[in-house]
Participant: 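The structure that follows is given in the form of structure tokens.
From a predicted model like this one, the values you see are computed outputs, not experimental measurements. Only this structure's heavy atoms are used, side chains among them; waters, hydrogens and symmetry mates stay out.
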Amino acid sequence: MQAKKTVAFFSVLLLLSTLTYSVDASSDATMSFSGGGVTVYLTYPEEARPNSTITHNITITAIATTTLQNFTTVIKASVNSSWVEIFSAQDTFSKDLPHSYNLTVPLPQEANGTLQCFIFVDTSSIDDLSTTLYTTLVSEPTFSEMQVLYYEMLANYTSLQEDYEARLDEYDILLANYSSLLANYSALISEHNQLITDYNNKVSTYETLFDEYEELSVDYNNLYADYRSEITKSGNLQADYNELNSTRYSLQTSYDTLQAVYDALNETYTNLQGEFNVSEGLVNSSRIVMVIFIIVLVALIVFIVYIKRKKEDPYLVIRKETVSMKSDEET
């Protein structure tokens with residue numbers, strides 16, 4: 001635990017020193033040169049760090065009305081003990097004075113030492129006004145700067161120590177909370193894994209049920225199509241049944257009517273049959289009487305013939321008479 005506290009303290013200290021080291025606390029300086037009533041002012045930062053960007057402000061003024069015809073500047077830096085051009089600019093457009101230029105100068109990583117600035121000015125009143133100036137000092141932090149930073153860090157140490165103790169107490173509380181949360185996290189991870197397993201099982205079951213559902217859905221669609229077909233057939237059969245039932249009712253009515261007629265005719269037939277039987281008895285009696293009469297008549301005729309033949313031997317005069325016989329209808 002003590003080792004963690006020490007490491008945390010020096011980490012905070014190192015971070016603070018880095019932040020303090022990155023601050024460039026340098027002021028600006030101004031230099032000038034003149035000639036023929038023309039003055040050139042150069043403002044630049046006194047110090048700068050390598051691999052940074054600085055600004056050189058150049059202002060050209062004149063006592064009388066003068067036109068600037070040419071302005072040229074070249075800035076060099078000492079890189080590995082050699083002068084290297086890091087910036088150059090030229091303006092050949094005519095413009096009235098005073099006039100200012102803001103030059104943004106990038107510094108290379110290997111730059112070390114004072115920058116060298118060459119300035120050339122050509123106006124309508126003078127020719128070839130130029131000079132070389134040494135401007136910004138480019139270097140790493142010096143011992144005096146480090147000593148100032150050290151005292152600043154020492155002054156902030158007490159405050160940082162108090163903050164550290166407070167943060168340490170918070171750390172202990174957070175550590176206890178972390179342990180509790182870690183236990184809860186482990187339990188939740190176990191529950192999560194169990195839920196994942198249950199979920200996978202349910203997904204597998206769902207896929208199986210879904211496949212069965214698809215098969216049942218296909219069967220249902222087929223059965224539903226058959227059902228609709230049977231419904232159509234049933235509708236047609238129902239229509240035929242209704243038509244046949246209507247025909248049956250009509251035939252039943254006709255049958256009932258015919259039955260009534262038949263019953264009436266049967267009754268009439270029965271009555272006629274009785275009358276016919278009575279008439280047939282009378283006719284049979286008449287026929288018997290007629291037969292008897294015919295037999296008697298035939299016997300009579302035979303008898304007469306017999307008698308007539310029997311009396312032919314003697315000579316007899318018999319008066320011939322005409323005998324008329326009644327017909328059977330008259331009898």
Side-chain angles (χ1 to χ4, degrees), residues 1 4 7-8 11-12 15 163 166-294 328-329 331:
M1 182 65 68
K4 292 182 179 180
V7 171
S11 298
V12 174
L15 178 61
D163 292 340
R167 297 293 184 271
L168 187 60
D169 294 336
E170 293 178 359
Y171 168 77
D172 293 335
I173 296 173
L174 291 174
L175 183 60
N177 293 334
Y178 168 76
S179 300
S180 176
L181 292 174
L182 182 60
N184 294 333
Y185 171 75
S186 300
L188 290 175
I189 283 294
S190 178
E191 293 178 1
H192 171 73
N193 294 332
Q194 183 62 39
L195 289 174
I196 286 295
T197 303
D198 295 341
Y199 170 76
N200 293 330
N201 294 333
K202 290 185 181 300
V203 166
S204 178
T205 304
Y206 166 78
E207 292 176 351
T208 302
L209 292 176
F210 184 76
D211 293 337
E212 294 178 357
Y213 166 77
E214 290 292 331
E215 295 177 359
L216 292 175
S217 180
V218 172
D219 295 339
Y220 168 77
N221 292 331
N222 295 331
L223 291 174
Y224 185 74
D226 295 339
Y227 167 74
R228 297 304 301 174
S229 177
E230 293 299 328
I231 284 294
T232 303
K233 292 179 181 179
S234 175
N236 296 332
L237 292 175
Q238 183 66 33
D240 294 340
Y241 169 76
N242 293 332
E243 183 177 358
L244 292 175
N245 199 26
S246 176
T247 303
R248 185 183 72 84
Y249 288 143
S250 177
L251 291 175
Q252 183 67 36
T253 303
S254 299
Y255 170 77
D256 294 338
T257 302
L258 292 175
Q259 185 66 34
V261 173
Y262 169 76
D263 292 338
L265 291 175
N266 193 26
E267 183 179 0
T268 303
Y269 169 76
T270 302
N271 297 330
L272 292 175
Q273 184 70 28
E275 295 175 359
F276 174 76
N277 292 332
V278 173
S279 299
E280 187 176 6
L282 294 176
V283 171
N284 290 332
S285 299
S286 300
R287 285 179 181 178
I288 293 172
V289 172
M290 184 64 69
V291 169
I292 294 172
F293 178 74
I294 292 172
D328 293 337
E329 294 179 358
T331 303

Participant: Any chance you could measure R228, atom CZ, to I231, atom CD1, to the nearest 0.5 Å?
Facilitator: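 Interatomic distance, R228 CZ to I231 CD1, rounded to 0.5 Å: 6.5 Å.
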Participant: For atom CD of E243, is the number of surrounding heavy atoms from other residues, nucleotides or ligands below 6.0 Å larger than 12?
Facilitator: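 Not buried by this count: 12 neighbours or fewer within 6.0 Å.
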Participant: When rounded to the nearest 0.5 angstrom, what is the spacing between CG in L251 and OG1 in T247?
Facilitator: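 It is 6.5 Å, given to the nearest 0.5 Å.
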Participant: Give, for atom CZ of R248 and atom OG1 of T253, the distance between the pair rounded to the nearest 0.5 Å.
Facilitator: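 Here the interatomic distance stands at 9.5 Å.
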Participant: Nearest 0.5 Å, what's the CG-CD distance between L237 and E230?
Facilitator: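 So the gap between those two atoms works out to 9.0 Å.
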Participant: For residues 186-211, tabulate all N or O donor-acceptor pairs below 3.5 Å that involve a side-chain atom, not counting sequence neighbours.
Facilitator:
{"from": "S186", "atom 1": "OG", "to": "L182", "atom 2": "O", "distance (Å)": "3.0"}
{"from": "N193", "atom 1": "ND2", "to": "I189", "atom 2": "O", "distance (Å)": "3.2"}
{"from": "Q194", "atom 1": "NE2", "to": "D198", "atom 2": "OD1", "distance (Å)": "3.1"}
{"from": "T197", "atom 1": "OG1", "to": "N193", "atom 2": "O", "distance (Å)": "2.9"}
{"from": "N200", "atom 1": "ND2", "to": "I196", "atom 2": "O", "distance (Å)": "3.1"}
{"from": "N201", "atom 1": "ND2", "to": "T197", "atom 2": "O", "distance (Å)": "3.2"}
{"from": "T205", "atom 1": "OG1", "to": "N201", "atom 2": "O", "distance (Å)": "2.9"}
{"from": "T208", "atom 1": "OG1", "to": "S204", "atom 2": "O", "distance (Å)": "3.0"}

Participant: Starting at OG of S179, measure out to CG of L174 and round the result to the nearest 0.5 Å.
Facilitator: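 S179 atom OG to L174 atom CG measures 11.0 Å (nearest 0.5 Å).
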Participant: Taking atom CG of L181 and atom CG of L175, what is their separation to the nearest 0.5 Å?
Facilitator: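 Output value for this atom pair is 11.0 Å.
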Participant: Which atom pairs, one a donor and one an acceptor, fall under 3.5 Å between side chains of residues 260-268 and the rest of the protein, sequence neighbours left out?
Facilitator:
{"from": "D263", "atom 1": "OD1", "to": "Q259", "atom 2": "NE2", "distance (Å)": "3.1"}
{"from": "T268", "atom 1": "OG1", "to": "A264", "atom 2": "O", "distance (Å)": "2.9"}

Participant: Once side-chain contact (heavy atoms from CB on, under 4.5 Å) is applied, do any residues pair with Y249, and if so which ones, sequence neighbours excluded?
Facilitator: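 Checked Y249 against side-chain contact (heavy atoms from CB on, under 4.5 Å); matches are N245.
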